[in-house]
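Here is the structure we will look at.
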Amino acid sequence: ALASTTGALTLMSNNTQTVSSTGSVTAPGNITMTTTSQGISIAGAVTSTTGTVFIKANTGLTVASTGSVTTTAASKDITLQAAEGSNGNTLSVQGAISATGNAFLQSWGHLDNSGLGTVTATGSVTLESGKNQSTTAQNYRTMNLGAAITAGGAITGTAYGTLTLTGAN
């Protein structure tokens, strides 16, 4: 477990960051996790009790079915970004994303929420795949949505490539 007891927590690296299924990252302030050349894998809990959460992976970003990203104070946002440096990679949400403010999930490559993952926000939910890709790069821009997405405000999805919706009606 990695915990801050007094404020913000920032983790920056060139390499892969992993929060294992038995691990956690917790802070009373903002949590920022970024990689400049690799991916991020979250199989445990990432929780901010009074701040926002911002996670950005240069390649793939996965929230596994055992993982969660949560804000608990009122009106605090969660931002997940992936694949800016490698548009063939994926932002995969198979765990629980729970924001007391807005949830913003953006991938320069694929966005996949087709399994068990849930996205819940008191505010709005914004989903985006294939950001800034050319009109001929469709294979890098898919968005697969099949799990529960719930918002107190608007739900907006922009797939610059193929959009696939599955799941319960």
Side-chain angles (χ1 to χ4, degrees), residues 1-86 89-129 131 145 147-157:
L2 178 60
S4 168
T5 57
T6 60
L9 180 67
T10 300
L11 302 170
M12 298 171 50
S13 73
N14 291 328
N15 294 313
T16 302
Q17 291 184 23
T18 301
V19 179
S20 72
S21 61
T22 58
S24 63
V25 175
T26 306
N30 297 336
I31 294 176
T32 302
M33 298 171 65
T34 59
T35 62
T36 57
S37 65
Q38 296 295 317
I40 295 176
S41 175
I42 299 170
V46 175
T47 305
S48 174
T49 57
T50 63
T52 62
V53 176
F54 177 83
I55 302 173
K56 182 176 182 180
N58 193 55
T59 59
L61 169 55
T62 299
V63 179
S65 61
T66 57
S68 63
V69 179
T70 306
T71 57
T72 59
S75 302
K76 298 299 179 183
D77 299 343
I78 293 175
T79 302
L80 303 178
Q81 295 181 332
E84 184 174 15
S86 181
N89 285 287
T90 300
L91 169 55
S92 177
V93 177
Q94 305 307 318
I97 308 301
S98 180
T100 55
N102 302 311
F104 182 64
L105 284 65
Q106 179 185 44
S107 178
W108 278 257
H110 310 284
L111 175 62
D112 182 19
N113 174 248
S114 61
L116 301 173
T118 60
V119 179
T120 305
T122 304
S124 64
V125 173
T126 302
L127 309 161
E128 197 170 66
S129 70
K131 179 76 173 162
L145 304 176
I149 299 170
T150 307
I155 298 174
T156 305

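No experiment lies behind these values; they were computed from the predicted model shown.
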Return the [atom1] to [atom2] distance between [X] and [Y], rounded to the nearest 0.5 Å.
X	Y	atom1	atom2	result
Gln81	Trp108	CD	CH2	4.0 Å
Leu61	Asn58	CG	CG	11.5 Å
Ser129	Leu105	OG	CG	11.0 Å
Thr126	Gln106	OG1	CD	9.5 Å
Thr35	Glu84	OG1	CD	10.5 Å
Ile55	Ile31	CD1	CD1	7.5 Å

Please report the shortest heavy-atom distance between [X] and [Y], naming the atom on each side.
X	Y	answer
Gly39	Thr59	N-OG1, 3.0 Å
Gly109	Ala83	N-CB, 3.6 Å
Ala151	Gly123	CB-O, 3.3 Å
Ala82	Leu91	CB-CB, 3.7 Å
Met33	Ile40	O-CD1, 3.9 Å
Ala99	Lys76	CB-O, 3.9 Å

- Query: Between the side chain of Gln17 and the main-chain N/O of Thr34, is any donor-acceptor distance below 3.5 Å?
  - Reply: yes
Self-check item: Any donor-acceptor N/O pair, Ser48 side chain to Gly29 backbone, under 3.5 Å
Solution: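 Indeed, once roles are kept as given, a pair shorter than 3.5 Å links the two residues.
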So which of [options] actually passes side chain to side chain contact (heavy atoms under 4.5 Å, CB included) with [X]?
X	options	value
Val53	Asp77, Asn30, Thr32, Val69	Val69
Ile97	Leu80, Val46, Asn113	Leu80
Val125	Asn102, Ile78, Val119	Val119

task: Say whether Asn14 and Thr36, considering side chains only, have a donor N or O and an acceptor N or O under 3.5 Å apart.
output: yes
Handout entry: Thr100 side chain to Thr71 side chain, donor-acceptor N/O pair below 3.5 angstrom
Key =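 Short answer, yes.
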task: With the side chain counted from C-beta on, respond yes when Leu11 and Leu2 share a heavy-atom pair under 4.5 Å apart, and no when they do not.
output: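 When only atoms from C-beta onward are counted, Leu2 and Leu11 do touch, with a gap below 4.5 Å.
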Show the numbers, then the answer: is there a side-chain contact (heavy atoms from CB on, under 4.5 Å) between Thr79 and Lys56? CA-CA 8 Å; Thr79 302; Lys56 182 176 182 180; over 6 Å; no
